[in-house]
Every structure is written in C-alpha cells, then in structure tokens.
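A short worksheet on the structure shown next.
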Amino acid sequence: MKIYITGMGILTPLGETPDQLWQALVKGQTASCEWPDLKEHGFRIARACRINDGAWLDPMRGQKLAVRAASLAVQQADLPLDGNIGVFVGATMGESVAYEQAAEGKPLDLSQASIMVYPRAIQQALKVHGPQRAYGTACAAGNYALGAGIEAIRSGRADAVIAGGVEPFSRIAMTGFSRSRAMAGDYCRPFDRDRSGMQLGEAAAFLILESEERVLQRRVEPLASVESLGLSCDAYHPTAPLPDGCGMSQAMQKAVHKAGIDATEVDWICAHGSGTRASDDAEANAIARTFPHQPPVSGYKGAIGHSLGAATAVEAVITALALQKKAIPPTTNYCHADPAFTLDIVQENRSLPSLRWALNCGYAFGGLNSALLMGAV
Amino acid sequence: MQAYLRQIVDLEPDTTLPYDEAITWIADKLKEQMDGFKCTPETRGIYLATLDSGAAASVAFWENALEQGPGFANPAHFPLTLANSSAAIISRLLNIQGPNYTLSGSSEALYAAFCQAIHDLSSIDESVEECLVLAIDISEKSRCVGMLMESGHSKSSLGMITEVTEFQEHDDPQPIESPTIVMSVFVYNCLEHREAFLQTGEGMICFANSG
C-alpha cells in the first residue's frame, strides 16, 4: 500500500513554513548565532540555532511547538479530524525546562514533562482520536515516528497519521554536547574538511500521512511518498558510532530492501551530517559501502542546527520538498572537500530532474541508526 | 499477527544504586538469567516501555551543571539523560543490533512495544527473530519486568502472544502508572492462569498457553 504525505508543518530557526525554510536553504543561510543569555549562563560556546521568540524557559515549550507545527500540517492537508487519526511523536528527553526547574527545586510532574506529553497535547488540541505513540529514540526519533505511521496505516490501525518530532531548546543538551567537546566553536560544517562539531538547534516538524486510496477519495494532492524505514543498532558505544559505518549501512540497506528497490536506484541522500568528525566519518563510510554509484549527498544541520528528536522530521520535510521540486539545496557551510571521502557532496543548488528516490538518514546516541526511504509522486 | 513467549524476567535492582549502575545490573542479570538469544545479533530487537527513563539523570545532570557551572558538569552522565539510555545500555551488553525502540508512557507505551515486537517478528521484511519486550522503571519502583519473544514455536515456548486491535476511543485519559505495574500483572496472569490480557483503550495483547 502506497503511503503519501499530504501536509507538512514546521517551526524552525530558519522559517515557520516549509517554503520559508526551503528558500533559506537555497540561499545557503544559517540560523547560527551567539546568544547573550547562554553566554551569561557560563557556556563557553554560546552559539546555537534557536527559534527567536524568547520563550526558551517555558516548561511547556515543546508541547506548544508540537501543537503549532502539527496544526500547520493538518491545515495544509485539509485533514478531516474525524475517524481514527494516529499521533506519533519522536523526541529526546521531553520538556527539558521542566527537568531544569526540578534541579532548581520545583516539583517534577512526569505526566507534564516526559515525552509522552507531546502526542497527548496534540490529541487534546486537535481533538483527534486514535493510536498515540511517543518515541524516545533520541536523534533518530522523527524517523521512528514516521516509520511507525506508515505501519499504522498499512495495518489498518489508523486512517491517517500525524507523525513527526519535536525538541525544545535544552540547556541540558547544550551542557552535555559542550562538555563532550562535540560542539563547533563557530559554524557546523557537515562533511567539510574543516568540520569541528555540531551546533544545537530546536524545532518541531509534523507530516500528515495517508493511504493512496484515501488521497484519491479526498482528492488532495500528495506531496511525496514515504516507503519504508530501516533500523539497526551498533550496540557498540554510548555515544560514538561504529567507525566503519556498518551499522548505519545496515539501516540503509533495510530501508531499500523493504521497499523492493535496488540500492542503485537511490538518487539522493539527505544525510544526518552532524558535523562531528566521528559521525560524519562513519556516515561517509556507510554511504560509500551501501551506494557504490555515488548518489549526491547533502546535510542541513549547518543551517538549522541539530534539533535532536525533531531533526529527522525536519529533514523529512526538506526531502519531500526536494522530491517535489526535483532540486537539492546546497550543504550549508560546506566549502572544502575532505580528501578522505569519496562522496558527491552537494555544494551548490542542484537541479535533478530524475530525482525519484531519496533516503533520509538519522542516527542517535546509543548506536541507533535509521534510514527512511521517500519517493517522488 | 502472533509471536511466541519463551521466557519471563522480573528484576529488582537495589534501590540505592544510581541510575547507570541499576541499568547495568539489570542488563547483566538479563544476560545471566535468560537462556540466551538463539539468533544472530542483527535479528534481535529490543522494545522498551518506560515512564521515566532519563528523567532523574536529566535533573541530576543539570544540578551538577548549576553547582559546578556548565563548563564543568560531568560529560559521562550526559548520555544517561536521554530517554533511550536504558535500551542503549542493555542492547550494548546483550549485543542486540536489530530494531531498538524506546516508547515513553504507561500502559499505552507497553501496548505499543508489544505491537511493534509482534509486528516485527511476524514480518518477513524486518528479519527479526527474537525480541526483548521490557518495562522499566528506575526512579520510582526500581524494577524491570520483561519477556523474550520469538517468531516461531520452539520446545521452550511458554505460549502464544497475539494482538487484537479494537479501535476504541478513549476520551477519558488513561491513568498514568508505571508500565512495570501493568507488565507485572500481565506476567503474573501468564504464569498463574495460563492466559492473560493486557488491555488499553486502543487494543489488547492476549497470551494463551500452548501446552
């Protein structure tokens, strides 16, 4: 059964509509800047990509971002909210500010802080009924939610699904990545020779998934298809990926195999591209190992930062737009090829009229690997 | 869709252990008590339901950052703040290289973990042969209750697990309780009554003794 995307809603540091984000990526813009409040708080590196609304200390920030992005997606799809509508959400830790406030002495109510609050908040705000899932699968969580959405529709468990990810800005994560020496001092440069680390972001992104039959019945225009999710786990290290990328490669192979296509049919890879040396090295190895035909590869965390649990959902939106437009925006901040890689990194805007299949990849601490195969309509 | 139950585990780590040590203790015990995976690492999956994984570590990590300053917080504790840290530690110690799920919530998360595991065991595409379905609660109860499930019936199968989806609407919010409580009731009924049901607003997981 073919599953289509019929609506997309995003809130990112570079735009609050898919089109705004696309235009910013095409222009090579970045949301990275230094934040005085972070500097004041004692962060050595105070650069991040944040949604500039000043509400970063709201303990319900994630829920508000999730509801707004999901509502925008529903609006674009003109989705009737009756019937069995699933809500599947991926995130990393939940409402970070609630945990921060608990450390400062406020009581912690897990029913308002853990990841499960996100699907509940969307269900309540949109008054939808159906299965709800909260995936705590860190930086791969958006892909998990989308993959589960595909299965829910195919199995008849849901008529339509609102799937995606959310991550409010987290000072806990800022501290963690900074202390792990994983953060870039200036800009995040995925796959660049001079890459020096990641940059923290925040975002919410939701996609409406519906079956082909329902799309035809409703006479809505599908934006792209979501085909299959490949998952694997390195089972190797708490934070580092397997250097040879064989775990990542397994996830890529599974996604392609499940869709019944050949690896050589993949036309473009929207990479995880965190900008850290270890992750980009492993991902480059995985891509080279899995796709010897060297499809173009790009990464956008230099533009919008790493929004952790929301990252793969935001990148799924970018992938859907690319499949629609038959074009690939440049890899943000990519200037110098790394001689160690044999990848075709997209450095300039590229038109790709033959773009049919794209793979959206995301990996997470704990060795989680995910690859979501998406197709043009 | 169906799967077969091979083994049940019920573990209670010392409540005084810090989070990472408690999870490591659980992983060591799982390795010791289970009769071992029969399949290759990439065909093993973990499906973990939790209400609180990472929560206490997040609070402790930020306490540490406030005390020492963000430039001096202990980086080794950061991975523990993530909700998937329990599944990550267990899969590393048990060499589980297939699907790795962490579902956040109470009974609905456990139901979802079972559904995903049964789906993956039944699906040719997933190539999953053995699944560890776990409910974990460290900060409140310090308990891990779980089941090892397999795709085919074997001599050691305790019974069959099936999923029944009912599509019930649930306007009333479900009580929020630890998935370990829901799982322990299910496990008790499996062992004592040879049949058991785990029911949520969305559907039901049934166990029937095959013997």
Side-chain angles (χ1 to χ4, degrees), chain A residues 41-44 84 91-94 96 99-100 102-104 108 110-111 113-116 120 129-138 144 148 151 155-157 171-181 228 231-239 247 250 254 257-258 364-368, chain B residues 1 41-42 46 50-55 58-63 65-66 69-79 81-85 87-89 91-92 94-106 108-109 112 115-116 119 125-127 165 167 169-171 173 176 202-203:
Chain A
H41 202 87
F43 287 102
R44 192 176 55 86
N84 199 31
T92 292
M93 64 170 75
S96 181
Y99 297 125
E100 293 165 22
E104 290 155 14
L108 176 65
L110 274 178
S111 69
S114 90
I115 295 168
M116 69 178 178
R120 285 183 184 197
H129 303 283
Q132 53 119 331
R133 305 276 186 269
Y135 294 91
T137 42
Y144 271 74
E151 279 172 18
S155 67
R157 201 188 298 279
R171 291 184 298 178
I172 294 173
M174 191 80 185
T175 305
F177 285 114
S178 169
R179 289 293 294 128
S180 307
R181 302 201 176 279
S228 51
L231 297 175
S232 72
C233 178
D234 288 351
Y236 166 69
H237 188 271
T239 57
Q250 255 181 36
K254 278 186 188 177
H257 173 75
K258 279 164 81 171
F365 275 7
L368 275 62
Chain B
M1 287 195 293
E42 63 277 11
I46 182 166
T50 176
L51 190 59
D52 66 349
S53 179
S58 294
V59 175
F61 187 66
W62 189 244
E63 271 171 0
L66 291 174
F72 298 95
N74 186 345
H77 294 164
F78 174 50
T81 65
L82 309 182
N84 72 326
S85 54
I89 292 170
S91 53
R92 196 163 63 251
L94 273 68
N95 199 15
I96 298 171
Q97 295 180 16
N100 192 303
Y101 281 89
T102 297
L103 287 133
S104 171
S106 50
E108 78 282 1
C115 289
Q116 191 68 53
H119 170 274
D125 284 342
E126 294 296 342
S127 314
T165 304
F167 303 117
E169 289 189 357
H170 40 99
D171 286 333
I176 296 171
E202 191 188 329

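Reminder, nothing fancy here: chain letters follow the sequence lines and each chain counts from 1. What you see is a predicted model, and the numbers here were worked out from it, not measured in a lab.
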For [X], is it the side chain, the backbone, both or neither that has a heavy atom under 4.5 Å from a heavy atom of chain A?
| X | answer |
| --- | --- |
| B/Ala73 | both |
| B/His77 | neither |
| B/Ile96 | backbone |

Between B/Asp52 and A/Leu110, what is the shortest heavy-atom contact and its length?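 Heavy atoms only, the tightest pair is CB-CD1, 3.6 Å.
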
Specify the closest pair of heavy atoms between B/Gln97 and A/Ala235, including all atoms of both residues, with the distance to one decimal.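 So the two residues come closest at CG-CB, 4.1 Å.
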
Can you tell me how far apart [atom1] ([X]) and [atom2] ([Y]) are? Round to the nearest 0.5 Å.
| X | Y | atom1 | atom2 | answer |
| --- | --- | --- | --- | --- |
| B/Leu82 | A/Thr137 | CG | OG1 | 10.5 Å |
| B/His119 | A/Glu151 | NE2 | CD | 3.5 Å |
| B/Asn100 | A/Leu368 | CG | CG | 4.0 Å |

Under a 4.5 Å heavy-atom cutoff, which of [options] has the most pairs with chain B?
| options | answer |
| --- | --- |
| A/Ala91, A/Ala173, A/Ser228 | A/Ala173 |
| A/Ala103, A/Gly247, A/Gly367, A/Ala102 | A/Ala103 |
| A/Ile172, A/Thr239, A/Leu231 | A/Ile172 |
| A/Met174, A/Met93, A/Arg171, A/Glu104 | A/Arg171 |
| A/Arg44, A/His237, A/Arg181 | A/His237 |
| A/Gly94, A/Cys233, A/Gly366 | A/Cys233 |

When B/Glu202 is tested against each of A/His129, A/Gln132, A/Arg133 for side-chain hydrogen bond (donor to acceptor under 3.5 Å, both in side chains), which residue passes?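 Testing each of A/His129, A/Gln132, A/Arg133 against B/Glu202, the sole residue satisfying side-chain hydrogen bond (donor to acceptor under 3.5 Å, both in side chains) is A/Arg133.
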
B/Cys115 and A/Arg157: side-chain contact (heavy atoms from CB on, under 4.5 Å), yes or no, with the steps? CA-CA 11 Å; B/Cys115 289; A/Arg157 201 188 298 279; 3.7 Å; yes

Proximal component of [X], with respect to chain B [non-hydrogen, under 4.5 Å]:
| X | answer |
| --- | --- |
| A/Ile115 | both |
| A/Glu100 | both |
| A/Lys258 | both |

Name all residues meeting the side-chain hydrogen bond (donor to acceptor under 3.5 Å, both in side chains) criterion together with A/Asp234; count only those two or more places apart in sequence or in a different chain, and write none if there are none. A/Asn369

Apply side-chain contact (heavy atoms from CB on, under 4.5 Å) to B/Leu103 and A/Tyr135, showing your working. CA-CA 5 Å; B/Leu103 287 133; A/Tyr135 294 91; 3.5 Å; yes

Ring pair (Phe, Tyr, Trp, His ring centres under 6.0 Å) partners for A/Phe177, two or more places apart: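 Checked A/Phe177 against ring pair (Phe, Tyr, Trp, His ring centres under 6.0 Å); matches are A/Phe365, B/Phe78.
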
Give the member of [options] that has the highest number of heavy-atom pairs under 4.5 Å with chain A.
| options | answer |
| --- | --- |
| B/Gly54, B/Ser127, B/Pro79, B/Ser58 | B/Ser58 |
| B/Ile46, B/Leu66, B/Asn95, B/Leu94 | B/Leu66 |
| B/Ala83, B/Gly71, B/Gly69, B/Pro70 | B/Pro70 |

Aromatic rings A/Tyr144 and B/Tyr101: how do their planes relate, parallel, tilted or perpendicular, breaks at 30° and 60°?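 Perpendicular: the ring planes of A/Tyr144 and B/Tyr101 meet at over 60°.
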
Should B/Glu108 and A/Arg120 count as an ion pair when the cut-off is N to O under 4.0 Å?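 Answer for the salt bridge query: yes.
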
Could you go through A/Met116 and B/Leu51, starting from their C-alpha distance and side-chain angles, then the distance that decides it, and tell me whether this counts as side-chain contact (heavy atoms from CB on, under 4.5 Å)? CA-CA 8 Å; A/Met116 69 178 178; B/Leu51 190 59; 3.4 Å; yes

